[in-house]
Amino acid sequence: MTATATSRLSALPDSAVNLRAFLHGLPGVDKVGVEARAAALGTRSVKTTAKARAIDLAIRMVDLTTLEGADTPGKVRALSAKALRPDPADPTCPTVGAICVYPAMVPVAYEVLKGSGVHLASVATAFPSGQAPLDVKLADTRDAVAGGADEIDMVISRGAFLAGDYAKVFDEIVAVKEACGSAHLKVILETGELATYDNVRRASWLAMLAGADFIKTSTGKVPVAATLPVTLVMLEAVRDFRAQTGRQIGVKPAGGIRTTKDAIKYLVLINETVGDDWLSPDWFRFGASSLLNDLLMQRTKLTTGHYAGPDYFTLD
Amino acid sequence: MFEYAPAPESRSVVTIQPSYGLFIDGDFTPGKDVFKTINPATEEVLSEVALGAPEDVDRAVAAARRAFATWSALPGAERAKYLFRIARIIQERSRELAVLESLDNGKPIKETRDVDLPLVAAHFFYYAGWADKLQYAGFGPDPRPVGVAGQVIPWNFPLLMLAWKIAPALAAGNTVVLKPAETTPLSALFFADVCRQADLPPGVVNIVTGAGDTGRYLVEHPGIDKVAFTGSTEVGRQIARSVAGTGKRLTLELGGKAANIVFDDAPIDQAVEGIVNGIFFNQGHVCCAGSRLLVQESIAEELLDSLKRRMATLRVGDPLDKNTDVGAINSAAQLARITELSEIGSEEGAERWSPECSLPDRGFWFAPTIFTGVTQAHRIAREEIFGPVLSVLTFRTPAEAIEKANNTPYGLSAGIWSEKGSRILAVADKLRAGVVWANTFNKFDPTSPFGGYKESGYGREGGRHGLEAYLA
């Protein structure tokens, strides 16, 4: 955004009333237009050397995730080992960006990952619904950080957001951010429940204003997870936020991204919306589990010229 | 930027003959003289094409007249079968046609593949559906075909303009003699082959290639009953003069200088896309292009910054590369015209800006360009440039926006960007333009009538309205 825009929005909100006025003063999002733009970018043809680069970048951006009631230490140890060596047959294959687990599993993952450079993310704040008292959410967060998580994926209170209580959502994010200490805070908007693109843009700004380091689309636990147009709206938000405040925020689509083809579409979206500065695992992540094996399969195809069967890639 | 590796569509999917004759009475016949058609992206000669002489036009009109008797007597449902068949063949051969169109015209394969060809097929499907329902189209209980139509089309959407002309004419029971543009004859000749593949009776469609003289001879030919022309206002005027008093029916779809109006409550990111699509789609070779951006002064600076940032991501280059956004200018003559008007823009004091982009050495290229500080008094705000050049003007109030939008001799299209529905409706109601897009631009559909006010021509093409010109 520009000098004019900055002056137009210069008074960043400092009260609940201002917050509401500010969020509702953001330019609207035209549904048809944003979906058409995302679909058009989805037709980019990324082949050969560009594809190889994209695949390695996408692997480095994966937050390899398991968020199941059935998660056990054994499962989490296996996933963490895979994060360190995604393709045991090829030492040139990069490591993933992070492991993402429930707080109870953080110490297990920490034992495997410590000192490796692979980040350890934990969902917290009564994931996935966020329907718990604030002190429970904060305790959840502190536990995860104490166990060794250096990234916290919190959920916003969609109930409060949809009820128009922006101040409550804002204050919760501020409190969780404080509880995070030096850990990075990813704020999950659960865009599938926010339903409109206008809400996605408002929630993105709300989270960024409250101190999020990353904004994330989804928990993966509701029917509609990450989509290209939602991610496009969020990328526009981080772009505009940096232009106005100088602070760069990361973006993490999560849920439903399963193929290399999908992942590359997201990279194209970054490339043509916010550019180089976000084409790094420090600023963009994929929340995914099955995506990694497809990336590995395509990577092997590019280097060897033929597809290997699923048994040549390790289970998580 | 993350550079995409070259992703060229294969040129070998289409076979281009070294020479083409005229398609008359179901057969290709050689012409006396020939001219060359080139690839504007490389200046390489693609093929030699017959230059239609007066006697060729005579033969084509005579063939169309002979075919008219049987074609017009067919039941509508029978004519529909041919049109459906043509539509399906076009779909089946759309990859060949897309590559051919990109080669001959210079437009990116992304557009021929995703816009031109789907719309061409959709037009034939749409009018095929009308062929047996003409008595319910609102033109009386027993509408009759007009006769033989002489149709002259432009080079900017060669095959799509052919579809706009031929599909309604045939559905209504007319026969046609069509002259494609001098610089883009190949897809029409390919279409002739599609007609043969569909077993269309000889003489129903005749394609006579040539230059301006061929077209003039066709529209002045006493044997035709109806003239349909899409092209420049200047030529449209000559045609209107020559047709006056002859009893021939005439529709003209001519130039434009559309206003794309962005209000301060617009969805900014989508408006920027709409502006880009409005003027850089098809290199700006679009009669309904949004070539005048009218932006509310209070958001002008913010919007222009966003627009420039977006323009910097446009990929200009090889039309056959699947990632190309802006292709080649269609001809040296058109490039000269765009260059000249742009120089006039600078001389008249407007500020010129283009993103950094390297243009190929051979072929005809023009970088996407915007002029800011343009007023109604600038020639670049009044004259149709027909290239990737946008003139940016500002306004203060809705009334001023409407006044400025209408202050042009043209009236083909307009765009409105606002999140406020009541404003969109109120402004659209006052714009003197044949098409008004709201929160979108350059959207086409066979069911929607298209045509102009004032010097943008008369008559409508597309939709039910498009049948009227071909029914008596």
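Every value quoted in this text rests on a predicted model; they were computed, and no experiment measured them. Labels below follow one simple rule: chain letters A, B, ... track the order of the sequence lines, proteins then strands, and each chain is numbered from 1.
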inquiry  = What part of A/R44 gets within 4.5 angstrom of chain B, counting heavy atoms only: side chain, backbone, both, or neither?
reply    = both

Results of salt bridge (charged side-chain N to carboxylate O under 4.0 Å, His left out) for A/K186 - residues two or more places apart only = A/D63, A/E151, A/D153

Distance flag, aromatic centroids of A/F22 and A/W205, threshold under 6.0 Å = yes

inquiry  = In this structure, is the centre-to-centre distance between the rings of B/W417 and B/F263 below 6.0 Å?
reply    = no

remark   = Applying a strict 4.5 Å limit to non-hydrogen atoms, the region of B/A266 in contact with chain A is backbone

query = Does the cation-pi check pass for B/K443 over B/W437, that is, NZ or CZ under 6.0 Å from the six-membered ring centre and within 45° of its axis?
reply = no

inquiry  = What part of A/V268 gets within 4.5 angstrom of chain B, counting heavy atoms only: side chain, backbone, both, or neither?
reply    = both

note = Checked A/V34, A/T48, A/L267, A/V32 vs chain B; the most non-hydrogen pairs under 4.5 Å come from A/V34

message = Is A/A54 close to chain B through its backbone or its side chain, or both, or neither, when contacts mean heavy atoms under 4.5 Å?
response = both

message = Strictly less than 4.5 Å between heavy atoms, which residues of residues 191-204 of chain A line up against chain B? Please order them by number.
response = A/D198, A/R201

ask   = Any donor-acceptor pair under 3.5 Å linking the side chain of B/N277 with the backbone of B/N442?
value = no

key: Residues forming a side-chain hydrogen bond (donor to acceptor under 3.5 Å, both in side chains) with B/R352, sequence neighbours excluded   = none

query = Under the salt bridge (charged side-chain N to carboxylate O under 4.0 Å, His left out) test, which residues partner B/R310, sequence neighbours left out?
reply = B/E273

key: Test of ring centre spacing under 6.0 Å for B/F444 and B/H123   = no

query = Looking at A/A36, A/S45, A/A40, A/G33, which makes the most heavy-atom pairs under 4.5 Å with chain B?
reply = A/S45

key: salt_bridge(B/E400, B/R396) N-O dist < 4.0 Å   = yes

